[in-house]
Chemist: 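What follows is a single structure, and I will ask about it in a moment.
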Amino acid sequence: MVNDTLPLIDLHRHLDGNIRPDTVWDLAEQNGIALPVEHFKDFLPHVRIQDKASDLMEFLEKLDWGVNVLASLDDCQRVAYENVEDLSLAGIDYAELRFSPYYMAMKHSLPTADVVAAVVEGVKQGCKEFNVKANLIGILSRTFGLDKCQHELDSLLAHKDSLVAIDLAGDELGQPAELFTEQFKQVSKAGLNITIHAGEAAGPESVWQAIKLLNAQRIGHGVKSYEDKHLLDYLAANNITLETCLTSNYQTGTINSISEHPIHTFLEHGVKVCLNTDDPAVEGIELKHEYKVAKQQLGLTSQQLEDIQLNALNAAFISDSEKQTLLTEKSAKI
Ligand SMILES: O=c1[nH]cnc2c1ncn2[C@@H]1O[C@H](CO)[C@@H](O)[C@H]1O
Ligand SMILES: [Zn+2]
């Protein structure tokens, strides 16, 4: 399903949506934090979606235990490091790991900018140890409103040399992109790339806002773009890649079944898509599973899946020479 001569790339993967359940358990014990159950075997339903959630916000609640047990900067560094080990275990060659430092800092009032530094350090260590390539994307968690997002952005920009992009995630319906126009002007000014969660809980107008008001170069999910033909034309003409996450879209209730995902419409319109995980530990999946599902439930051909692997490479926030290195290193491994 995955072409092993091409790099396997995950461009949409939340580091703080991929905290291992056994690490959550361990950190809770270490930090004296009470969990809702007594035995680990009963814990999984609290941190992993069982079939599906009723909507995006119910899905997102399942990420909360992961960050609620982060009581120190060392804990943040640990989960960042383990995220890179997970990439290596999943056979991923390059990933862009995204995280919301305020979301990670919130429960135990950690200094947000120091959380960014701890995550940077954990990922750096992991990349060295596990021989995987990864870059970081900072998230503004729109769920917590404008002031918190500005604080989060300030903390991220204090470490901007360690980031490749900024994203807006969380409550898309309650906190529309237009509210964050000023913040993304600051992002552009800082010279960082921009990807925005849009067209997941809200409709195509949310994708338009992400592009026109926030300057998005890629779109997280973008599922609802299929409702607006003019938007599909625009995405294709401007080479704006949709970071598709099939299992996540099912589990958040964005689509009723994976076979109903509009990926064929995107491909027919020449819209570039790539396949990604989103929140692997919460969903109970890994990237190769997404390629399998795309083939088995959506009938994508080997050629289409190869194109998708290359779309991820092309859309990555790295230089052309880094892209070339990923390609040549992969073919040298064969
Ligand atoms: O699928 C998603 N859609 C929108 N927001 C998400 C998704 N997954 C995680 N987050 C949000 O990203 C931040 C943590 O990285 C949190 O704000 C979380 O709610
Ligand atoms: Zn996401």
Side-chain angles (χ1 to χ4, degrees), residues 10-19 24 47-49 52-68 70 76 79-80 83 95-107 112 115-116 119 123 136-146 148-149 151-153 155-156 163 165-177 180 183 194-202 206-207 210 214 216 218-224 241-255 261 273-285 287 290:
D10 198 349
L11 295 183
H12 189 128
R13 186 172 173 111
H14 296 253
L15 178 152
D16 41 1
N18 185 45
I19 302 180
V24 181
V47 286
R48 180 163 292 165
I49 299 290
K52 63 184 295 231
S54 60
D55 62 15
L56 174 62
M57 297 316 285
E58 189 183 286
F59 172 98
L60 293 179
E61 279 174 23
K62 288 282 190 279
L63 278 70
D64 287 346
W65 276 116
V67 292
N68 286 350
L70 302 175
C76 297
V79 299
N83 258 272
E96 289 175 4
L97 300 174
R98 56 187 75 197
F99 70 111
S100 165
Y102 176 70
Y103 182 53
M104 295 175 76
M106 201 168 64
K107 184 74 179 181
T112 311
V115 169
V116 180
V119 168
V123 166
L136 284 168
I137 297 177
I139 291 182
L140 309 189
S141 281
R142 68 214 304 178
T143 311
F144 309 115
L146 197 55
K148 295 292 189 309
C149 284
H151 163 67
E152 192 158 42
L153 179 57
S155 309
L156 287 161
L163 306 173
I166 301 288
D167 173 25
L168 182 66
D171 185 6
E172 185 187 2
L173 278 174
Q175 302 283 333
F180 303 91
Q183 281 63 40
I194 296 174
T195 175
I196 302 288
H197 279 72
E200 183 188 24
S206 174
V207 180
L214 306 192
R218 301 193 320 226
I219 295 291
H221 305 292
V223 184
K224 301 288 170 57
T241 299
L242 300 182
E243 303 159 356
T244 296
C245 311
L246 298 172
T247 299
S248 163
N249 291 159
Y250 169 70
Q251 292 186 347
T252 56
T254 301
I255 52 176
H261 194 284
V273 300
C274 55
L275 289 177
N276 309 275
T277 51
D278 211 12
D279 302 290
V282 169
E283 299 166 58
I285 55 104
L287 187 55
E290 299 300 284

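Reckoned from all heavy atoms, side chains included, excluding hydrogens, waters and symmetry mates. Computed from a predicted structure; not experimentally measured. One is the number of the first residue; the rest follow in order along the sequence. One-based numbering, in listed order, for ligands and for the atoms of each.
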Chemist: So is His221 touching ligand 1 or not, going by heavy atoms under 4.0 Å?
Modeler: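 The answer is yes, since His221 has a heavy atom less than 4.0 Å from ligand 1.
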
Chemist: Verify, without hydrogens or angle tests, whether Glu58 (side chain) and Ala53 (backbone) share a donor-acceptor contact under 3.5 angstrom.
Modeler: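 Here the side-chain-to-backbone pair does not exist.
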
Chemist: What do you reckon, is NZ of Lys107 surrounded by more than 12 foreign heavy atoms closer than 6.0 Å?
Modeler: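 12 or below, so no.
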
Chemist: Would you say Asn18's side chain and His14's backbone share a donor-acceptor pair under 3.5 angstrom?
Modeler: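 Side chain of Asn18 to backbone of His14: no pair is present.
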
Chemist: With only distance considered, is Asp279 within less than 3.5 Å of ligand 1 through an N or O on each side?
Modeler: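 Yes.
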
Chemist: Give a yes or no on whether the backbone of Val47 and the side-chain of Lys62 come within a donor-acceptor separation of less than 3.5 Å.
Modeler: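 It does not hold such a pair.
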
Chemist: Test Arg218 against Glu96 for salt bridge (charged side-chain N to carboxylate O under 4.0 Å, His left out), laying out the working first.
Modeler: CA-CA 13 Å; Arg218 301 193 320 226; Glu96 289 175 4; 2.9 Å; yes

Chemist: Give yes or no for whether the N/O distance cutoff of 3.5 Å, strictly under, is met between Thr252 and ligand 1.
Modeler: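 It does not: no N or O of Thr252 is found under 3.5 Å from an N or O of ligand 1.
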
Chemist: Do the side chain of Asn249 and the main chain of His221 share a donor and acceptor less than 3.5 angstrom apart?
Modeler: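 Side chain of Asn249 to backbone of His221, a donor-acceptor pair under 3.5 Å: no, none is there.
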
Chemist: So, does Asp279 use its side chain to make a donor-acceptor pair with the main chain of Val282 at under 3.5 Å?
Modeler: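 Side chain of Asp279 to backbone of Val282: no pair is present.
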
Chemist: Heavy-atom distances under 4.0 Å decide this one: backbone, side chain, both or neither, for Glu200 against ligand 1?
Modeler: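 Within the 4.0 Å criterion, Glu200 contacts ligand 1 through side-chain atoms alone.
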
Chemist: Tell me whether the Zn ion (ligand 2) has His12 as a neighbour, meaning an N, O or S atom of it below 2.8 Å.
Modeler: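 An N, O or S atom of His12 is closer than 2.8 Å to the Zn ion (ligand 2), so yes.
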
Chemist: Any donor-acceptor pair under 3.5 Å linking the side-chain atoms of Glu290 with those of Thr277?
Modeler: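 Judged by distance alone, the side chains do not pair up.
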
Chemist: Atoms of ligand 1 less than 4.0 Å from Asp278 heavy atoms?
Modeler: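 In order of numbering, the contacting atoms are 1 (O), 2 (C).
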
Chemist: Counting only heavy atoms closer than 4.0 Å, does ligand 1 sit against the backbone of Leu15, its side chain, both, or neither?
Modeler: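 The answer is neither; Leu15 stays 4.0 Å or more away.
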
Chemist: Please name the atom of Asp278, restricted to N, O or S, that is closest to the Zn ion (ligand 2).
Modeler: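 This residue's closest N, O or S atom turns out to be OD1.
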
Chemist: So, His14 and the Zn ion (ligand 2): N/O/S under 2.8 Å, yes or no?
Modeler: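 True for His14.
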
Chemist: Is it the case that the side chains of Thr143 and Ser141 hold a donor-acceptor pair, with the cut-off being a distance below 3.5 Å and no angle test?
Modeler: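 Side chains of Ser141 and Thr143: no pair found under 3.5 Å.
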
Chemist: Would you confirm whether Asn276, through its side chain, and Cys274, through its main-chain N or O, come within 3.5 Å as a donor-acceptor pair?
Modeler: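 Yes: the side chain of Asn276 pairs with the backbone of Cys274.
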
Chemist: Quick one: nearest non-hydrogen protein atom to atom 17 (O) of ligand 1, plus distance?
Modeler: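 Minimum-distance protein heavy atom for atom 17 (O) of ligand 1 reads Ser141 OG, 2.6 Å.
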
Chemist: Among all protein non-hydrogen atoms, which one is nearest to atom 6 (C) of ligand 1, and what is the separation to 0.1 Å?
Modeler: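 Sorting protein heavy atoms by distance from atom 6 (C) of ligand 1 puts Leu60 CD2, 3.4 Å first.
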
Chemist: Please write down residue, atom name and distance for the protein heavy atom closest to atom 5 (N) of ligand 1.
Modeler: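 I find the closest protein heavy atom is Gly170 N, 2.9 Å.
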
Chemist: Is it the case that ligand 1 has an N or O less than 3.5 angstrom from some N or O of Leu56?
Modeler: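 N/O-N/O distance under 3.5 Å: no.
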
Chemist: Among the N, O or S atoms of His197, which one sits nearest to the Zn ion (ligand 2)?
Modeler: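 Minimum-distance N/O/S atom of His197 relative to the Zn ion (ligand 2) is NE2.
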
Chemist: Say whether Thr143, considering both its backbone and side-chain N or O atoms, lies within less than 3.5 Å of an N or O atom on ligand 1.
Modeler: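 No: no nitrogen or oxygen of Thr143 is under 3.5 Å from one in ligand 1.
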
Chemist: For ligand 1, which atoms have a heavy atom of Asp16 less than 4.0 angstrom away?
Modeler: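 By the 4.0 Å cutoff, the relevant atoms are 14 (C), 15 (O).
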
